[in-house]
Amino acid sequence: MTDDLPAGPLAGVRVIELAGIGPGPFTAMMLADLGADVVRVDRVTDVDASAFGSPHPDLLNRGRRSVGVDLKSPGGREVVLALVAGADALIEGFRPGVTERLGLGPADCHAVNPRLVYGRMTGWGQDGPAAPYAGHDIDYLALTGALHGIGRAGERPVPPMNLLGDFGGGGMMLALGLVSALYAVRGGAPGQVVDAAIVDGVTVLSTQIHALRRLGMWQDPRGLNLLDGGAPFYDTYECADGRHLAVGALEPRFYDELVRRTGFPLPGDEALDRTDPANWPALREAWARLFRTRTRDEWAELLGESDACVAPVLDWAEAPRHPHLAARGTFVDRDGVTQPAPAPRFSGTPTALRRPPPQPGEHTDELLAEAGFDAGRIAELRGAGAVA
(Lines give C-alpha, C1' and ligand atoms only; values in the text may rest on other atoms or scores of the structure.)
Protein backbone atom coordinates (compact mmCIF):
# COMPACT_ATOMS: atom_id res chain seq x y z
CA MET A 1 0.00 0.00 0.00
CA THR A 2 2.86 2.42 0.76
CA ASP A 3 5.80 1.01 -1.19
CA ASP A 4 5.42 3.42 -4.10
CA LEU A 5 5.31 6.57 -1.94
CA PRO A 6 8.29 8.76 -0.98
CA ALA A 7 10.04 7.52 2.14
CA GLY A 8 10.59 10.85 3.91
CA PRO A 9 13.66 11.97 5.92
CA LEU A 10 12.81 9.74 8.93
CA ALA A 11 12.54 6.51 6.92
CA GLY A 12 13.93 3.64 8.96
CA VAL A 13 13.05 5.19 12.33
CA ARG A 14 10.52 3.26 14.41
CA VAL A 15 8.48 4.99 17.11
CA ILE A 16 6.18 3.44 19.72
CA GLU A 17 3.31 5.70 20.76
CA LEU A 18 1.36 4.96 23.93
CA ALA A 19 -2.04 6.31 22.93
CA GLY A 20 -3.12 9.60 24.43
CA ILE A 21 -4.84 12.79 23.32
CA GLY A 22 -3.73 16.11 21.86
CA PRO A 23 -0.02 16.93 21.79
CA GLY A 24 1.30 13.35 22.01
CA PRO A 25 -0.63 12.13 18.97
CA PHE A 26 0.36 15.33 17.16
CA THR A 27 4.02 14.54 17.78
CA ALA A 28 3.47 11.01 16.47
CA MET A 29 1.65 12.37 13.43
CA MET A 30 4.51 14.74 12.65
CA LEU A 31 7.06 11.93 12.85
CA ALA A 32 4.88 9.63 10.73
CA ASP A 33 4.40 12.40 8.17
CA LEU A 34 8.20 12.67 7.98
CA GLY A 35 8.53 8.98 7.22
CA ALA A 36 8.91 7.26 10.60
CA ASP A 37 7.25 3.89 11.17
CA VAL A 38 4.97 4.78 14.09
CA VAL A 39 3.16 2.07 16.05
CA ARG A 40 0.25 3.33 18.12
CA VAL A 41 -0.50 1.28 21.24
CA ASP A 42 -4.25 1.65 21.77
CA ARG A 43 -6.40 0.38 24.63
CA VAL A 44 -8.01 -3.02 24.14
CA THR A 45 -11.33 -1.47 25.21
CA ASP A 46 -11.21 0.79 22.15
CA VAL A 47 -10.86 -2.08 19.67
CA ASP A 48 -13.85 -2.75 17.39
CA ALA A 49 -12.92 -5.29 14.75
CA SER A 50 -16.07 -4.52 12.75
CA ALA A 51 -14.56 -1.10 11.92
CA PHE A 52 -11.31 -2.49 10.48
CA GLY A 53 -10.64 -1.40 6.92
CA SER A 54 -12.20 2.05 7.31
CA PRO A 55 -10.14 5.08 8.33
CA HIS A 56 -10.55 6.31 11.89
CA PRO A 57 -12.02 9.84 11.92
CA ASP A 58 -9.21 11.33 14.05
CA LEU A 59 -6.72 12.80 11.56
CA LEU A 60 -4.10 13.18 14.31
CA ASN A 61 -3.74 9.40 14.18
CA ARG A 62 -2.84 9.26 10.51
CA GLY A 63 0.25 7.55 9.16
CA ARG A 64 0.61 4.70 11.62
CA ARG A 65 -0.39 1.16 12.51
CA SER A 66 -2.24 0.23 15.71
CA VAL A 67 -2.00 -2.59 18.21
CA GLY A 68 -4.57 -3.06 20.97
CA VAL A 69 -2.93 -3.70 24.35
CA ASP A 70 -3.99 -3.86 28.01
CA LEU A 71 -1.09 -1.99 29.57
CA LYS A 72 -2.11 -3.09 33.08
CA SER A 73 -1.71 -6.79 32.32
CA PRO A 74 1.57 -8.75 32.48
CA GLY A 75 1.07 -9.87 28.90
CA GLY A 76 0.46 -6.33 27.76
CA ARG A 77 3.67 -5.17 29.42
CA GLU A 78 5.49 -8.04 27.68
CA VAL A 79 4.13 -6.91 24.32
CA VAL A 80 5.10 -3.26 24.77
CA LEU A 81 8.62 -4.12 25.91
CA ALA A 82 9.00 -6.41 22.91
CA LEU A 83 7.97 -3.55 20.64
CA VAL A 84 10.32 -1.18 22.48
CA ALA A 85 13.24 -3.58 22.00
CA GLY A 86 13.09 -2.96 18.26
CA ALA A 87 12.24 0.74 18.36
CA ASP A 88 14.20 3.98 18.23
CA ALA A 89 11.84 6.15 20.26
CA LEU A 90 8.77 6.03 22.49
CA ILE A 91 6.12 8.68 23.14
CA GLU A 92 3.97 8.78 26.27
CA GLY A 93 1.71 11.48 27.66
CA PHE A 94 0.57 10.17 31.04
CA ARG A 95 0.93 11.97 34.35
CA PRO A 96 4.38 11.62 35.92
CA GLY A 97 4.91 8.19 37.43
CA VAL A 98 2.17 6.34 35.56
CA THR A 99 4.41 4.43 33.14
CA GLU A 100 6.77 3.59 36.01
CA ARG A 101 3.85 1.98 37.88
CA LEU A 102 2.98 0.04 34.71
CA GLY A 103 6.55 -1.27 34.48
CA LEU A 104 7.06 0.72 31.27
CA GLY A 105 9.03 3.69 32.57
CA PRO A 106 12.37 4.85 31.20
CA ALA A 107 14.40 2.40 33.31
CA ASP A 108 12.23 -0.54 32.22
CA CYS A 109 12.48 0.40 28.57
CA HIS A 110 16.21 1.19 28.64
CA ALA A 111 16.81 -2.22 30.20
CA VAL A 112 15.65 -3.83 26.94
CA ASN A 113 16.89 -1.07 24.62
CA PRO A 114 19.65 1.25 25.91
CA ARG A 115 19.54 3.34 22.73
CA LEU A 116 15.85 4.20 23.09
CA VAL A 117 14.82 7.88 23.11
CA TYR A 118 11.99 8.10 25.65
CA GLY A 119 9.71 11.08 24.97
CA ARG A 120 7.45 12.38 27.73
CA MET A 121 4.65 14.86 26.97
CA THR A 122 3.02 16.72 29.85
CA GLY A 123 1.64 20.15 30.58
CA TRP A 124 3.48 20.91 33.82
CA GLY A 125 6.57 18.72 33.31
CA GLN A 126 7.93 15.71 35.15
CA ASP A 127 8.69 17.66 38.33
CA GLY A 128 7.70 20.83 40.17
CA PRO A 129 4.79 21.57 42.54
CA ALA A 130 2.10 21.33 39.84
CA ALA A 131 3.45 18.17 38.16
CA PRO A 132 1.06 15.68 39.82
CA TYR A 133 -2.09 17.58 38.92
CA ALA A 134 -4.38 17.77 35.92
CA GLY A 135 -4.41 20.74 33.59
CA HIS A 136 -5.24 21.82 30.08
CA ASP A 137 -3.84 24.13 27.45
CA ILE A 138 -5.52 27.23 28.91
CA ASP A 139 -4.00 26.56 32.33
CA TYR A 140 -0.48 26.16 30.99
CA LEU A 141 -0.78 29.36 28.96
CA ALA A 142 -2.04 31.19 32.04
CA LEU A 143 1.04 30.32 34.08
CA THR A 144 3.55 31.35 31.40
CA GLY A 145 2.21 34.88 30.86
CA ALA A 146 1.21 34.11 27.28
CA LEU A 147 -2.53 34.05 27.98
CA HIS A 148 -2.28 37.43 29.73
CA GLY A 149 -0.99 38.95 26.48
CA ILE A 150 -3.76 37.68 24.19
CA GLY A 151 -6.93 39.76 23.91
CA ARG A 152 -8.29 43.23 23.36
CA ALA A 153 -7.29 46.18 25.51
CA GLY A 154 -9.47 46.45 28.58
CA GLU A 155 -11.04 43.05 28.01
CA ARG A 156 -10.37 39.61 29.48
CA PRO A 157 -7.71 37.27 28.02
CA VAL A 158 -8.82 35.13 25.05
CA PRO A 159 -7.68 31.48 24.72
CA PRO A 160 -6.10 31.00 21.24
CA MET A 161 -7.80 27.61 20.81
CA ASN A 162 -5.21 24.99 21.84
CA LEU A 163 -2.77 25.69 19.03
CA LEU A 164 -0.22 27.63 21.07
CA GLY A 165 0.06 25.29 24.05
CA ASP A 166 -0.82 21.74 23.06
CA PHE A 167 0.60 21.83 19.56
CA GLY A 168 3.17 24.66 19.38
CA GLY A 169 4.70 24.57 22.84
CA GLY A 170 3.90 20.91 23.39
CA GLY A 171 3.75 18.50 20.46
CA MET A 172 6.09 20.40 18.17
CA MET A 173 8.67 20.81 20.93
CA LEU A 174 8.54 17.10 21.70
CA ALA A 175 9.00 16.27 18.01
CA LEU A 176 12.06 18.53 17.90
CA GLY A 177 13.39 16.99 21.10
CA LEU A 178 12.96 13.44 19.83
CA VAL A 179 14.66 14.16 16.51
CA SER A 180 17.51 15.90 18.33
CA ALA A 181 18.01 12.99 20.72
CA LEU A 182 17.84 10.49 17.85
CA TYR A 183 20.56 12.48 16.10
CA ALA A 184 22.69 12.18 19.25
CA VAL A 185 22.13 8.42 19.37
CA ARG A 186 23.18 8.10 15.73
CA GLY A 187 26.38 9.89 16.78
CA GLY A 188 27.11 7.32 19.48
CA ALA A 189 25.29 8.76 22.51
CA PRO A 190 23.11 6.48 24.67
CA GLY A 191 19.35 6.74 24.78
CA GLN A 192 17.84 9.37 27.02
CA VAL A 193 14.60 10.88 28.30
CA VAL A 194 13.08 13.94 26.60
CA ASP A 195 10.91 15.86 29.10
CA ALA A 196 8.65 18.07 26.98
CA ALA A 197 6.46 20.29 29.17
CA ILE A 198 3.99 22.68 27.59
CA VAL A 199 4.85 25.38 30.15
CA ASP A 200 8.50 25.15 29.04
CA GLY A 201 7.70 25.17 25.34
CA VAL A 202 5.27 28.10 25.46
CA THR A 203 7.78 30.07 27.54
CA VAL A 204 10.46 29.51 24.88
CA LEU A 205 8.01 30.62 22.19
CA SER A 206 7.51 33.89 24.04
CA THR A 207 11.22 34.81 24.08
CA GLN A 208 10.76 37.71 21.67
CA ILE A 209 8.11 39.31 23.87
CA HIS A 210 10.45 39.13 26.86
CA ALA A 211 13.16 40.72 24.71
CA LEU A 212 10.84 43.54 23.62
CA ARG A 213 9.89 44.19 27.24
CA ARG A 214 13.56 44.56 28.15
CA LEU A 215 14.01 46.99 25.27
CA GLY A 216 11.09 49.09 26.47
CA MET A 217 9.11 48.23 23.35
CA TRP A 218 6.29 46.20 24.92
CA GLN A 219 3.71 47.19 27.51
CA ASP A 220 2.36 44.62 29.93
CA PRO A 221 -1.32 45.58 29.43
CA ARG A 222 -2.63 43.56 26.49
CA GLY A 223 -3.96 45.00 23.28
CA LEU A 224 -1.75 48.09 23.32
CA ASN A 225 1.30 46.84 21.45
CA LEU A 226 2.59 46.49 17.93
CA LEU A 227 1.75 42.81 17.44
CA ASP A 228 -1.20 42.19 19.78
CA GLY A 229 -3.88 44.23 18.01
CA GLY A 230 -2.86 47.53 19.52
CA ALA A 231 -1.52 48.98 16.28
CA PRO A 232 -4.17 49.88 13.64
CA PHE A 233 -1.87 48.64 10.89
CA TYR A 234 -1.63 45.16 12.46
CA ASP A 235 -5.21 44.16 13.15
CA THR A 236 -8.39 42.75 11.63
CA TYR A 237 -11.24 44.78 10.15
CA GLU A 238 -14.86 44.06 9.35
CA CYS A 239 -15.90 44.56 5.73
CA ALA A 240 -19.23 45.47 4.11
CA ASP A 241 -20.37 41.84 4.07
CA GLY A 242 -19.55 41.16 7.73
CA ARG A 243 -16.43 39.20 6.88
CA HIS A 244 -12.95 40.32 7.81
CA LEU A 245 -9.53 41.35 6.51
CA ALA A 246 -6.19 40.84 8.24
CA VAL A 247 -3.90 43.85 7.89
CA GLY A 248 -0.20 43.45 8.65
CA ALA A 249 1.39 46.54 7.10
CA LEU A 250 4.10 46.94 9.73
CA GLU A 251 6.95 48.47 7.74
CA PRO A 252 6.53 52.04 6.41
CA ARG A 253 6.90 51.03 2.75
CA PHE A 254 4.18 48.40 3.11
CA TYR A 255 1.90 50.84 4.89
CA ASP A 256 2.50 53.36 2.12
CA GLU A 257 1.46 50.71 -0.42
CA LEU A 258 -1.70 50.02 1.56
CA VAL A 259 -2.53 53.72 1.69
CA ARG A 260 -1.89 54.14 -2.03
CA ARG A 261 -4.01 51.20 -3.12
CA THR A 262 -6.96 51.85 -0.81
CA GLY A 263 -7.10 55.61 -1.21
CA PHE A 264 -6.96 56.07 2.55
CA PRO A 265 -8.35 58.13 4.20
CA LEU A 266 -12.01 58.68 3.38
CA PRO A 267 -13.14 62.30 3.07
CA GLY A 268 -13.43 63.78 6.54
CA ASP A 269 -10.78 61.49 8.06
CA GLU A 270 -7.13 62.33 8.55
CA ALA A 271 -3.98 60.35 7.66
CA LEU A 272 -2.43 60.88 11.09
CA ASP A 273 1.17 60.00 11.96
CA ARG A 274 1.07 56.28 12.56
CA THR A 275 4.33 56.23 14.56
CA ASP A 276 2.63 58.03 17.47
CA PRO A 277 0.57 55.54 19.52
CA ALA A 278 -1.59 58.42 20.66
CA ASN A 279 -2.99 58.50 17.12
CA TRP A 280 -3.77 54.79 16.96
CA PRO A 281 -7.40 54.92 18.17
CA ALA A 282 -8.35 57.58 15.62
CA LEU A 283 -6.45 55.80 12.85
CA ARG A 284 -8.18 52.53 13.67
CA GLU A 285 -11.59 54.17 13.42
CA ALA A 286 -10.65 55.75 10.09
CA TRP A 287 -9.41 52.45 8.66
CA ALA A 288 -12.52 50.70 9.97
CA ARG A 289 -14.76 53.16 8.13
CA LEU A 290 -12.83 52.64 4.92
CA PHE A 291 -12.83 48.83 5.05
CA ARG A 292 -16.59 48.78 5.62
CA THR A 293 -17.07 50.34 2.17
CA ARG A 294 -16.31 47.09 0.28
CA THR A 295 -16.72 43.37 0.78
CA ARG A 296 -13.91 41.18 2.00
CA ASP A 297 -13.32 39.61 -1.37
CA GLU A 298 -13.38 42.96 -3.15
CA TRP A 299 -10.61 44.17 -0.87
CA ALA A 300 -8.72 40.91 -1.30
CA GLU A 301 -8.82 41.27 -5.09
CA LEU A 302 -7.62 44.86 -4.90
CA LEU A 303 -4.83 44.23 -2.38
CA GLY A 304 -3.92 40.58 -2.84
CA GLU A 305 -1.13 40.79 -5.41
CA SER A 306 0.79 43.57 -3.72
CA ASP A 307 3.06 44.37 -0.79
CA ALA A 308 0.21 45.89 1.19
CA CYS A 309 0.34 42.86 3.53
CA VAL A 310 -3.42 42.25 3.55
CA ALA A 311 -5.17 38.87 3.44
CA PRO A 312 -8.79 37.75 3.70
CA VAL A 313 -9.69 36.02 6.95
CA LEU A 314 -10.87 32.66 5.61
CA ASP A 315 -12.92 30.13 7.52
CA TRP A 316 -11.95 26.47 7.84
CA ALA A 317 -13.91 25.43 4.75
CA GLU A 318 -12.60 28.27 2.58
CA ALA A 319 -8.90 27.85 3.38
CA PRO A 320 -8.21 24.71 1.29
CA ARG A 321 -9.72 26.39 -1.78
CA HIS A 322 -7.60 29.54 -1.67
CA PRO A 323 -5.55 29.73 -4.89
CA HIS A 324 -2.21 30.06 -3.11
CA LEU A 325 -2.76 27.11 -0.76
CA ALA A 326 -4.23 25.07 -3.61
CA ALA A 327 -1.23 25.79 -5.84
CA ARG A 328 1.18 24.67 -3.11
CA GLY A 329 -0.85 21.62 -2.15
CA THR A 330 -1.02 22.83 1.46
CA PHE A 331 -4.10 20.67 1.85
CA VAL A 332 -4.40 17.20 0.37
CA ASP A 333 -7.20 14.71 -0.16
CA ARG A 334 -6.74 11.22 1.26
CA ASP A 335 -9.50 8.62 1.48
CA GLY A 336 -12.07 11.28 0.63
CA VAL A 337 -10.94 13.61 3.43
CA THR A 338 -9.39 17.03 2.85
CA GLN A 339 -6.66 17.56 5.43
CA PRO A 340 -3.43 19.48 6.05
CA ALA A 341 -0.49 18.13 4.06
CA PRO A 342 2.76 17.12 5.79
CA ALA A 343 5.11 20.01 6.53
CA PRO A 344 7.82 21.16 6.12
CA ARG A 345 8.95 20.16 2.62
CA PHE A 346 12.15 18.36 1.67
CA SER A 347 13.84 18.53 -1.72
CA GLY A 348 15.62 15.19 -1.48
CA THR A 349 13.40 13.11 0.82
CA PRO A 350 9.82 14.25 0.11
CA THR A 351 7.05 13.33 2.50
CA ALA A 352 3.64 11.76 1.87
CA LEU A 353 0.56 10.55 3.71
CA ARG A 354 1.45 6.88 3.76
CA ARG A 355 -1.47 5.52 5.79
CA PRO A 356 -4.92 6.69 6.86
CA PRO A 357 -5.69 6.85 10.61
CA PRO A 358 -5.94 3.24 11.80
CA GLN A 359 -8.73 1.73 13.79
CA PRO A 360 -7.53 0.74 17.29
CA GLY A 361 -6.00 -2.74 17.16
CA GLU A 362 -6.23 -3.04 13.38
CA HIS A 363 -2.64 -4.30 13.01
CA THR A 364 -2.24 -6.28 16.23
CA ASP A 365 -1.37 -9.65 14.69
CA GLU A 366 0.91 -8.08 12.09
CA LEU A 367 2.86 -6.05 14.63
CA LEU A 368 3.15 -8.86 17.17
CA ALA A 369 4.51 -11.16 14.48
CA GLU A 370 7.08 -8.50 13.54
CA ALA A 371 8.07 -8.31 17.22
CA GLY A 372 8.81 -12.04 17.29
CA PHE A 373 5.61 -13.53 18.73
CA ASP A 374 4.51 -16.76 17.11
CA ALA A 375 0.89 -17.58 16.34
CA GLY A 376 0.48 -19.67 19.48
CA ARG A 377 1.71 -16.93 21.79
CA ILE A 378 -0.45 -14.34 20.04
CA ALA A 379 -3.49 -16.57 20.59
CA GLU A 380 -2.57 -16.91 24.28
CA LEU A 381 -2.27 -13.15 24.67
CA ARG A 382 -5.63 -12.66 22.99
CA GLY A 383 -7.21 -15.27 25.16
CA ALA A 384 -5.92 -13.56 28.28
CA GLY A 385 -7.21 -10.18 27.13
CA ALA A 386 -3.68 -8.73 27.02
CA VAL A 387 -4.12 -7.77 23.38
CA ALA A 388 -7.03 -7.31 21.01
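The residues of the chain are indexed from 1 along the displayed sequence.
Residue L102 holds its CG atom at 7.5 Å from NZ of K72, rounded to the nearest 0.5 Å. With rounding to the nearest 0.5 angstrom, the OG1 atom of T144 is 10.5 Å from the CG atom of D200. Within the model, atoms CD of E92 and CG of L104 stand 9.5 Å from one another, a figure rounded to the nearest 0.5 Å. Atom CG of L381 and atom CG of D70 lie 11.0 Å apart (nearest 0.5 Å). The structure places CG of D58 at 10.0 Å from CE of M29, a figure rounded to the nearest 0.5 Å.
At least one donor-acceptor pair under 3.5 Å links the side chain of E362 to the backbone N or O of G53. Looking at D276, its side chain never comes within 3.5 Å of a backbone N or O of D273 through a donor-acceptor pair. The backbone N or O of G171 lies less than 3.5 Å from a partner atom in the side chain of T27, making a donor-acceptor pair. A donor-acceptor pair is defined here as one N or O able to donate and one able to accept, closer than 3.5 Å; no such pair exists between the side chain of W299 and the backbone of C239. Looking only at distances, a side-chain donor or acceptor of H148 sits under 3.5 Å from a matching main-chain atom of D220. Panel note: side chain S206, backbone I209; no donor-acceptor pair is recorded below 3.5 Å. Using modelled atom types, no side-chain atom of D42 and backbone atom of V67 make a donor-acceptor pair closer than 3.5 Å. D195 contributes no side-chain N or O that, together with a main-chain N or O of R120, makes up a donor-acceptor pair within less than 3.5 Å.
Using a 4.5 Å heavy-atom cutoff, the side chains of R345 and R328 are in contact. In this structure, F291 and T236 have side chains that are not in contact, with every pair of non-hydrogen atoms separated by 4.5 Å or more. Proximity of R354 to D33: side-chain heavy atoms (C-beta onward) are nowhere separated by under 4.5 Å. Within the 4.5 Å cutoff, the side chain of T338 has no heavy atoms near those of the V332 side chain. Counting heavy atoms from C-beta on, the side chains of I150 and R222 never come closer than 4.5 Å. Counting heavy atoms from C-beta on, the side chains of D88 and V117 never come closer than 4.5 Å. Contact check for Q359 versus S66: no side-chain heavy atoms found under the 4.5 Å cut-off. The shortest side-chain heavy-atom distance between Y237 and H244 does not fall under the 4.5 Å cut-off.
Listed by chain and residue number, R152, R284 satisfy the salt bridge (Lys or Arg N to Asp or Glu O under 4.0 Å) test with D235 (two or more places apart in sequence, or in another chain). Shown here are the side chain to side chain contact (heavy atoms under 4.5 Å, CB included) partners of Y183, two or more places apart in sequence or in another chain: there are none. The salt bridge (Lys or Arg N to Asp or Glu O under 4.0 Å) check on R289 picks up D269, with sequence neighbours excluded. Among residues two or more places apart in sequence or in another chain, the side-chain hydrogen bond (donor to acceptor under 3.5 Å, both in side chains) test is passed with D335 by none. By the side-chain hydrogen bond (donor to acceptor under 3.5 Å, both in side chains) test, E380 is found to be paired with R377, residues two or more places apart in sequence or in another chain being considered.
Applying the ring-ring contact (aromatic ring centres under 6.0 Å, His included) test to residues at least two apart or on different chains, none of the pairs has a partner in residues 300-329. Listed by first and then second residue, the ring-ring contact (aromatic ring centres under 6.0 Å, His included) pairs that reach into residues 84-138 are W124-Y140, sequence neighbours excluded. Sequence neighbours left out, not one pair with a member in residues 32-55 passes ring-ring contact (aromatic ring centres under 6.0 Å, His included). For residues 239-256, the set of pairs meeting the salt bridge (charged side-chain N to carboxylate O under 4.0 Å, His left out) definition, not counting sequence neighbours, comprises D241-R243, R243-D297, R243-E318.
Nearest heavy atoms, R261 versus E305: NH2-O, 3.8 Å. The shortest heavy-atom contact between P340 and R62 is O-NH1, 2.7 Å. For A343 against M30, the heavy-atom pair with the smallest separation is O-CE, 3.5 Å. Closest approach of W280 to R274, counting heavy atoms only: NE1-O, 2.8 Å.
Remark: the R213 side chain and the Q219 side chain contain no N/O donor-acceptor pair separated by less than 3.5 Å. Defined by atom type and a distance below 3.5 Å, a donor-acceptor pair is missing between the side-chain atoms of R382 and T364.
Cluster membership check: Y255 shares its hydrophobic cluster with L290, using side-chain heavy-atom separations under 4.5 Å among Ile, Leu, Val, Met, Phe, Trp and Tyr. Taking hydrophobic clusters as Ile, Leu, Val, Met, Phe, Trp and Tyr residues chained together by side-chain heavy-atom distances below 4.5 Å, L90 does not share a cluster with L34. No continuous path of ILVMFWY side-chain contacts below 4.5 Å connects V41 to V47, so the two sit in separate hydrophobic clusters. I378 and V44 fall into different hydrophobic clusters, where Ile, Leu, Val, Met, Phe, Trp and Tyr residues are linked whenever their side-chain heavy atoms come under 4.5 Å apart, directly or through other members. L81 and L83 fall within a single hydrophobic cluster, where Ile, Leu, Val, Met, Phe, Trp and Tyr side chains are chained together by heavy-atom contacts under 4.5 Å.
Between E366 and R65 there is a salt bridge, with a side-chain nitrogen of the basic residue lying less than 4.0 Å from a carboxylate oxygen of the acidic one.
By the 4.5 Å side-chain criterion applied to Ile, Leu, Val, Met, Phe, Trp and Tyr, L325 is assigned to a cluster that also includes F331.
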Can you give the donor-acceptor pairs under 3.5 Å from side chains of residues 13-26 to other protein atoms, not counting sequence neighbours?
from: R14; atom 1: NE; to: D37; atom 2: OD2; distance (Å): 3.0
from: R14; atom 1: NH2; to: D37; atom 2: OD2; distance (Å): 2.8
from: R14; atom 1: NH2; to: E370; atom 2: OE1; distance (Å): 2.7
from: E17; atom 1: OE1; to: R64; atom 2: NE; distance (Å): 2.8
from: E17; atom 1: OE1; to: R64; atom 2: NH2; distance (Å): 3.3
from: E17; atom 1: OE2; to: R40; atom 2: NH1; distance (Å): 2.7
from: E17; atom 1: OE2; to: R64; atom 2: NH2; distance (Å): 3.3

Under 3.5 Å donor-acceptor pairs involving side-chain atoms of residues 154-170, not counting sequence neighbours:
from: N162; atom 1: ND2; to: D166; atom 2: OD2; distance (Å): 2.9

Before you tell me yes or no, could you show the steps for V80 and V84 under side chain to side chain contact (heavy atoms under 4.5 Å, CB included), namely the whole-Å CA-CA distance, both residues' side-chain angles and the distance that decides it to 0.1 Å?
CA-CA 6 Å; V80 173; V84 163; 4.2 Å; yes
